[in-house]
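Heads up: the structure comes next, in structure tokens.
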Amino acid sequence: MSIISHECASTDGIEPGVALFRSLGDPARLAIVRRLAAGEARVADLTADLGLAQSTISSHVACLKDCGLVDGRMDGRRVYYSLARPELMEMLAAAEVLLAATGNAVVLCPNYGADAPVAEAAR
């Protein structure tokens, strides 16, 4: 079943979609995906570009890799990461269009917006 359906509203079959959006719901993971959209990078590159700790980057890259969103390419002892699916960038571009169309209303959402308490935003 597709996560987009014209059938009766139901929670049947939405788990993969929920998992996808959770995988992108962390600011560090989304920043990594955005950076990798510009081209492949090593963990050291991501650390320098994003200003996050190496252990944080490594953990989030591993998560994205486990989700099938990121691939790694060995070059000697170095691993270069890239986006595994170009469809991911299409989805993020569509999200940007949606955010623009709603005037970024989600940023003001009391449950998930920028000022939402961490416990609320992690629902």
Side-chain angles (χ1 to χ4, degrees):
M1 176 182 270
S2 169
I3 62 171
I4 301 173
S5 176
H6 298 287
E7 299 173 13
C8 294
S10 153
T11 58
D12 293 341
I14 65 168
E15 294 84 6
V18 170
L20 172 65
F21 286 110
R22 279 188 183 153
S23 73
L24 298 172
D26 182 272
R29 287 192 296 272
L30 190 55
I32 290 166
V33 166
R34 286 179 55 192
R35 168 52 187 85
L36 292 178
E40 66 180 10
R42 299 172 300 136
V43 167
D45 302 325
L46 295 169
T47 299
D49 292 346
L50 302 177
L52 299 171
Q54 182 271 330
S55 60
T56 300
I57 295 288
S58 292
S59 174
H60 287 300
V61 167
C63 174
L64 292 165
K65 194 172 177 194
D66 289 344
C67 292
L69 301 175
V70 168
D71 281 331
R73 174 182 66 81
M74 293 292 297
D75 183 16
R77 294 177 47 191
R78 297 179 176 173
V79 180
Y80 289 86
Y81 294 98
S82 62
L83 296 181
R85 306 295 319 176
E87 298 90 346
L88 179 56
M89 293 316 303
E90 294 170 16
M91 185 186 80
L92 293 176
E96 288 178 4
V97 170
L98 178 59
L99 288 169
T102 62
N104 291 308
V106 73
V107 174
L108 302 175
C109 174
N111 293 320
Y112 301 107
D115 294 331
V118 172
E120 291 293 321
R123 280 189 200 176

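Model, not experiment: these values are computed from the prediction.
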**Request:** Please assess V107 against L99 for the test side-chain contact (heavy atoms from CB on, under 4.5 Å), listing each intermediate value before the final yes or no.
**Result:** CA-CA 9 Å; V107 174; L99 288 169; 5.7 Å; no

How long is the span from the [atom1] atom in [X] to the [atom2] atom in [Y], to the nearest 0.5 Å?
| X | Y | atom1 | atom2 | value |
| --- | --- | --- | --- | --- |
| L69 | L64 | CG | CG | 6.0 Å |
| D49 | R42 | CG | CZ | 10.0 Å |
| H60 | L50 | NE2 | CG | 10.5 Å |
| E90 | L88 | CD | CG | 9.5 Å |
| D45 | Y80 | CG | OH | 7.0 Å |

For the residue pair [X] and [Y], establish whether any side-chain heavy-atom pair is separated by less than 4.5 Å.
| X | Y | value |
| --- | --- | --- |
| M91 | L24 | yes |
| L83 | V33 | yes |
| S82 | L36 | no |
| L30 | L92 | yes |

**Prompt:** Quick check: does any side chain N or O of S59 sit under 3.5 Å from a backbone N or O of S55, one acting as donor and the other as acceptor?
**Reply:**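 Checked: no pair found.
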
**Request:** Kindly say whether G39 contributes a backbone atom to a donor-acceptor pair with the side chain of R35 at under 3.5 angstrom?
**Result:**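 Yes.
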
**Message:** Which heavy atom of G72 sits nearest to which heavy atom of V79, and what is that distance?
**Reply:**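 Smallest heavy-atom distance, with atoms named: CA-CG1, 4.0 Å.
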
**Message:** For L20 and S23: C-alpha separation, side-chain torsions, deciding distance, then whether side-chain contact (heavy atoms from CB on, under 4.5 Å) applies.
**Reply:** CA-CA 5 Å; L20 172 65; S23 73; 4.1 Å; yes

**Message:** Hydrophobic cluster membership, with links at side-chain heavy-atom distances under 4.5 Å among I/L/V/M/F/W/Y: are L46 and M74 in one?
**Reply:**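 The answer is yes; both residues are in one hydrophobic cluster.
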
**Asked** Under a 4.5 Å side-chain heavy-atom rule over Ile, Leu, Val, Met, Phe, Trp and Tyr, are V70 and M89 clustered together?
**Response**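 They do share one cluster, since a chain of ILVMFWY contacts under 4.5 Å joins V70 to M89.
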
